[in-house]
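Below is one structure, written out as structure tokens; the observations come after it.
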Amino acid sequence: MYRTWAAAAERAIVTRHLSRLWGLPGTVLARSGWPPTPGERLHWHWNYWWQAHVLDCLIDAQLRAPTPARAATIDRYVATLRLRNFGTWANDYYDDMAWLGLALQRTGRDVTVFLARMRSGWTADGGGGIWWRRNDRFKNTPTNGPAAILHARAGDLRRARELYEWLERTLVDPATGLVWDGLHVDDQRLAKEIYTYCQGVFLGTCLELSELDAAARTVRAVADHCAPGGVLRGQGGGDGGLFAGILARYLALAARRLPGTEADLARELVLTSARACWDGAREAPSGPLFHHEWAEPAPVEPTGHPCRDLSVQTGAWLLLEAAATLES
């Protein structure tokens with residue numbers, strides 16, 4: 001069932017969003033919205049980190065049901081990303097680069113340039129950690145979480161653990177176990193917004209470093225505070241459209257790696273969210289259209305609605321691929 005749903009999400013997003021870059025043969029990139037605006041048709045607005053998650057989903061799909069055609073699409077996608085970024089992987093946002101590094105790492109490609117960029121963003125200011133972006137004074141979970149996962153998977157466990165310890169020491173609410181957004185370094189002011197994104201990347205970091213107690217605590221905190229009715233809550237369109245999908249990815253990993261009741265809880269959060277997401281979808285050209293709030297039905301007309309965003313649709317695809325990994 002979940003594999004079928006994931007395949008339907010893939011078909012819908014690939015058909016509606018993927019197109020050539022600037023009409024060039026052999027290229028493929030996802031448009032940022034559907035129906036696309038003129039600027040989106042030209043990939044003028046292309047959202048570097050959204051594209052990293054589309055690539056990650058294509059890799060998920062290839063693991064679920066490998067085909068030579070999709071493998072070729074993944075190769076073209078990687079080449080097109082670099083082309084659209086004017087021949088480089090560089091980006092001013094360290095979190096964006098961490099996400100693309102994680103996706104490329106899964107394809108077996110060298111991610112040395114991404115690791116070097118992460119290391120260049122580390123300073124002792126604020127007790128450690130990586131800046132959110134270049135020439136900024138904010139350090140946050142959305143950067144340090146994926147960077148820690150990237151370092152851990154690359155074998156640099158020392159830096160991964162330093163990042164984990166900074167997050168645990170600085171941004172975990174001792175009262176709830178939830179992970180705050182970030183730290184304004186100059187005045188030591190905490191940004192205590194609660195995003196599903198932050199819970200997901202901290203959970204992923206814990207799992208990579210076998211910090212199972214902290215991972216279990218995070219799963220419980222998510223169930224208590226971020227999933228009304230057992231369904232992960234959305235956080236709008238734009239960048240927020242990806243947040244719950246990121247959390248679902250790492251909850252599915254927790255369901256496979258954690259012992260005891262928290263593994264069952266993580267599994268149920270993913271599967272309950274997947275069922276709600278699928279039940280709320282509406283049929284659109286080439287397949288289902290998903291709401292950014294998985295517990296709500298998608299609109300009849302997406303124009304002007306957050307669900308037209310690539311981020312929202314990719315977030316749902318992330319969720320359904322995560323659910324597919326838990327299907328026995």
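Throughout, numbering of the chain's residues begins at 1 and tracks the sequence. Everything numeric here is computed off the predicted structure, so don't read it as measured data. Values reported hereafter were calculated over all heavy atoms of this structure, with side chains retained and with hydrogens, waters and symmetry mates removed.
Of the possible polar contacts, one joining the Arg82 side chain to the Gly87 backbone as a donor-acceptor pair under 3.5 Å is found. A donor-acceptor pair under 3.5 Å links the side-chain atoms of Asp110 to the main chain of Thr112, judged by distance alone. Glu268 places no side-chain N or O within 3.5 Å of a backbone atom of Leu265 that could act as its donor or acceptor partner. Not one N or O on the side chain of His17 forms a donor-acceptor pair closer than 3.5 Å with the backbone of Ala30. At least one donor-acceptor pair under 3.5 Å links the side chain of Trp166 to the backbone N or O of Gly126. With Ser32 contributing its side chain and His45 its backbone, the two residues share a donor-acceptor pair below 3.5 Å. Looking only at distances, a side-chain donor or acceptor of Gln313 sits under 3.5 Å from a matching main-chain atom of Cys307. A donor-acceptor pair under 3.5 Å is formed between the side chain of Asp136 and the backbone N or O of Phe138. Although no hydrogens or angles enter the test, the distance criterion places a donor-acceptor pair under 3.5 Å between the side chain of Thr325 and the main chain of Ala322. Panel note: side chain Gln51, backbone Leu29; no donor-acceptor pair is recorded below 3.5 Å.
At a cut-off of 3.5 Å, with distance as the only test, no side-chain donor of Arg233 or Thr196 sits close to an acceptor on the other residue. Side chain to side chain, Thr27 and Arg76 fail the donor-acceptor criterion of an N or O pair below 3.5 Å. Checking Thr170 against Lys139 by side-chain atom types alone, no donor-acceptor pair falls below 3.5 Å. Defined by atom type and a distance below 3.5 Å, a donor-acceptor pair is present between the side-chain atoms of Asp239 and Trp50. Under the 3.5 Å distance criterion, with hydrogens and angles disregarded, no donor-acceptor pair is assigned to the side chains of Glu321 and Tyr2. For the residue pair Thr73/Arg70, the side-chain donor-acceptor check at 3.5 Å is not satisfied. With 3.5 Å as the limit, one finds no donor-acceptor pair spanning the side chains of Trp99 and Asp56. Side-chain N/O atoms of Thr176 and Asp173 include a donor and acceptor closer than 3.5 Å.
For the atom pair NE2 of His53 and OG1 of Thr314, the computed distance is 9.0 Å after rounding to the nearest 0.5 Å. Taken from CD1 in Ile246 to OH in Tyr195, the straight-line distance is 13.0 Å, to the nearest 0.5 Å.
Each of Phe202, Trp180, Phe243 was evaluated against Tyr197; a single residue qualifies, Phe243, per the ring-ring contact (aromatic ring centres under 6.0 Å, His included) test.
Asp156 has no carboxylate O lying under 4.0 Å from a charged side-chain N of Arg161, or vice versa, which leaves the two without a salt bridge. Here Arg106 pairs with Asp60 in a salt bridge; the nearest charged N to carboxylate O distance falls below 4.0 Å. Using a 4.0 Å cut-off between charged nitrogen and carboxylate oxygen, Arg267 and Asp264 do not count as a salt-bridge pair. A salt bridge links Arg257 to Glu208: at least one charged side-chain nitrogen sits closer than 4.0 Å to a carboxylate oxygen. Salt-bridge check for Asp96 with Arg133: failed, with every basic side-chain N at 4.0 Å or more from each acidic carboxylate O.
Residue-environment remark: CZ (Arg109) exceeds the threshold of 12 foreign heavy atoms within 6.0 Å. For Asp125, the CG atom is densely surrounded, since the number of other residues' heavy atoms within 6.0 Å is greater than 12.
The two atoms that bring Tyr48 and Ala90 nearest to each other are CE1-O, 4.3 Å, heavy atoms only.
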Test side-chain hydrogen bond (donor to acceptor under 3.5 Å, both in side chains) applied to Tyr250 and Gln199, step by step: CA-CA 9 Å; Tyr250 294 107; Gln199 317 317 307; over 6 Å; no
Which is it for Arg308 and Thr37 under the side chain to side chain contact (heavy atoms under 4.5 Å, CB included) test, yes or no, and what are the steps along the way? CA-CA 11 Å; Arg308 71 173 297 278; Thr37 64; 3.9 Å; yes
Apply the test ring pair (Phe, Tyr, Trp, His ring centres under 6.0 Å) to residues Trp132 and Tyr93: give CA-CA distance (whole Å), side-chain angles for both, the deciding distance (0.1 Å), then the verdict. CA-CA 6 Å; Trp132 173 41; Tyr93 289 81; 5.3 Å; yes
Worked verdict on Leu55 versus Leu104 for side chain to side chain contact (heavy atoms under 4.5 Å, CB included): CA-CA 8 Å; Leu55 177 58; Leu104 291 175; 4.0 Å; yes
What do the steps show when you test Arg64 against Glu327 for salt bridge (charged side-chain N to carboxylate O under 4.0 Å, His left out), and what is the final call? CA-CA 11 Å; Arg64 169 176 47 80; Glu327 189 167 26; over 6 Å; no
Side chain to side chain contact (heavy atoms under 4.5 Å, CB included) evaluation trace for Leu326 with Arg256: CA-CA 8 Å; Leu326 302 178; Arg256 301 195 299 276; 3.8 Å; yes
Applying side chain to side chain contact (heavy atoms under 4.5 Å, CB included), run through Arg31 and Ser19 and close with a yes or a no. CA-CA 7 Å; Arg31 292 168 173 162; Ser19 69; 3.3 Å; yes
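Note on Trp317 and Leu253: same hydrophobic cluster, where clusters join Ile, Leu, Val, Met, Phe, Trp and Tyr whose side-chain heavy atoms are under 4.5 Å apart, directly or indirectly. The hydrophobic cluster containing Val312 does not contain Trp49, counting ILVMFWY residues as joined when their side-chain heavy atoms lie under 4.5 angstrom apart, directly or transitively.
Listed by chain and number, the residues in a salt bridge (charged side-chain N to carboxylate O under 4.0 Å, His left out) with Arg16 amount to none (sequence neighbours excluded).
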Counting only pairs under 3.5 Å, give me each side-chain donor-acceptor contact of residues 143-150, with atom names and distances, residues two or more places apart or in other chains.
residue, atom, partner, partner atom, Å
Thr143, OG1, Asn140, OD1, 3.0
Asn144, OD1, Ile130, N, 2.7
Asn144, ND2, Ile130, O, 3.1
Asn144, ND2, Asn140, O, 2.8

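The aromatic ring centroids of Trp22 and His43 lie 6.0 Å or more from each other.
When side chains are defined from C-beta on, Thr303 counts as touching Pro35, because their heavy atoms get closer than 4.5 Å. Looking at heavy atoms from C-beta onward, Ile194 lies out of side-chain contact with His225 at the 4.5 angstrom threshold. Val270 places none of its side-chain heavy atoms less than 4.5 Å from the side chain of Leu232.
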